[in-house]
Amino acid sequence: QVQLVESGGGLVQAGGSLRLSCATSGRGFNRYGMGWFRQAPGKERDFVAIISWNSGSTYYADSVKGRFTISRDNAKNTVYLQMNSLKPEDTAVYYCAARSGYASTISTQYDYWGQGTQVTVSS
């Protein structure tokens with residue numbers, strides 16, 4: 001069983017930055033593909049960024065490419081999402097997710113989810 005706990009969300013002005021963290025517990029973190037997803041009110045949960053088990057591969061949604069960076073520290077069992085140049089449309093609850101094997105952009109393919117952290121960007 002893997003447990004994920006996100007932190008680092010908050011209120012920020014447009015153009016600002018936040019760094020989200022997702023701490024995991026349980027065994028085998030270095031074998032899991034990891035992803036960040038977000039869900040705005042009244043909308044579906046959307047893919048934001050994914051990272052392979054060894055950080056060798058990352059992939060981003062077009063809407064965040066060039067502004068967000070996903071990374072992981074397998075020694076600390078933690079994955080990060082650095083968010084720069086934030087926009088009001090980035091406002092959402094951000095979730096991290098884990099799955100055994102390769103990382104995927106499809107949320108339903110993930111086995112474990114955190115509780116989410118709210119990110120609010122004011123204009």
Side-chain angles (χ1 to χ4, degrees):
Q1 187 73 14
V2 176
Q3 294 183 325
L4 295 80
V5 179
E6 300 98 335
S7 61
L11 173 64
V12 63
Q13 288 188 332
S17 298
L18 284 174
R19 188 194 195 201
L20 305 184
S21 298
C22 174
T24 71
S25 61
R27 304 173 74 174
F29 174 75
N30 61 357
R31 297 194 297 271
Y32 284 90
M34 301 294 296
W36 284 97
F37 294 79
R38 66 186 182 187
Q39 188 166 20
K43 295 188 177 182
E44 294 184 350
R45 189 170 296 188
D46 292 331
F47 146 73
V48 175
I50 58 173
I51 188 167
S52 61
W53 67 273
N54 64 351
S55 303
S57 178
T58 59
Y59 186 66
Y60 299 90
D62 287 343
S63 59
V64 307
K65 201 171 296 182
R67 299 187 298 122
F68 291 11
T69 302
I70 188 171
S71 62
R72 66 190 292 166
D73 185 337
N74 285 351
K76 296 182 178 180
N77 289 357
T78 302
V79 64
Y80 305 96
L81 186 68
Q82 178 67 45
M83 305 186 296
N84 298 329
S85 302
L86 283 161
K87 304 175 181 180
E89 51 262 44
D90 294 318
T91 295
V93 177
Y94 283 70
Y95 299 90
C96 69
R99 70 184 302 271
S100 182
Y102 68 88
S104 171
T105 62
I106 302 173
S107 61
T108 55
Q109 293 185 349
Y110 282 81
D111 304 305
Y112 305 103
W113 290 86
Q115 82 290 348
T117 185
Q118 176 71 47
V119 171
T120 303
V121 184
S122 63
S123 57

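Please read all numbers here as calculations on a predicted model, not as lab measurements.
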Worksheet item: Can you list the other members of the hydrophobic cluster that holds L81, where links are side-chain heavy atoms under 4.5 angstrom apart?
Response: V2, L4, V12, L18, L20, F29, Y32, M34, W36, V48, I51, Y60, V64, F68, I70, V79, M83, L86, Y94, Y112, V119, V121
[atom1]-[atom2] distance between [X] and [Y], expressed to the nearest 0.5 angstrom:
X    : Y    : atom1 : atom2 : result
Q13  : S122 : CD    : OG    : 5.0 Å
T105 : F37  : OG1   : CZ    : 7.0 Å
N77  : T24  : CG    : OG1   : 4.0 Å
T108 : R45  : OG1   : CZ    : 11.0 Å

Worksheet item: Would K65 and D62 pass as an ion pair if we require N to O under 4.0 Å?
Response: yes
Item to complete: Count the heavy atoms of every other residue, nucleotide or ligand shown that sit under 6.0 Å from CD of Q118, and state whether that count exceeds 12.
Response: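 Yes, CD of Q118 has more than 12 neighbouring heavy atoms, counting only those of other groups under 6.0 Å.
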Would you say the side chain of [Y] lies within less than 4.5 Å of the side chain of [X], judging by non-hydrogen atoms?
X   : Y    : answer
N54 : R72  : no
R31 : S100 : no
K76 : S21  : no

Worksheet item: Can you list the residues that meet the salt bridge (charged side-chain N to carboxylate O under 4.0 Å, His left out) rule with R19, with sequence neighbours excluded?
Response: none
Item to complete: Report yes or no: does N84 contribute a side-chain atom to a donor-acceptor pair with the main-chain N or O of T69 at less than 3.5 Å?
Response: no
Discussion item. Has Q39 got a side-chain atom pairing as donor or acceptor with A92's backbone, closer than 3.5 angstrom?
Written reply: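 No.
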Between [X] and [Y], what is the shortest heavy-atom contact and its length?
X    : Y    : answer
A14  : P88  : CB-CD, 4.1 Å
S17  : S85  : OG-N, 4.3 Å
D90  : R67  : OD2-NH1, 2.8 Å
Q109 : S104 : OE1-OG, 2.6 Å
I50  : Y110 : CG2-OH, 3.5 Å

Worksheet entry | Verdict with supporting geometry, R38 and S63, side-chain contact (heavy atoms from CB on, under 4.5 Å) | CA-CA 12 Å; R38 66 186 182 187; S63 59; 3.4 Å; yes
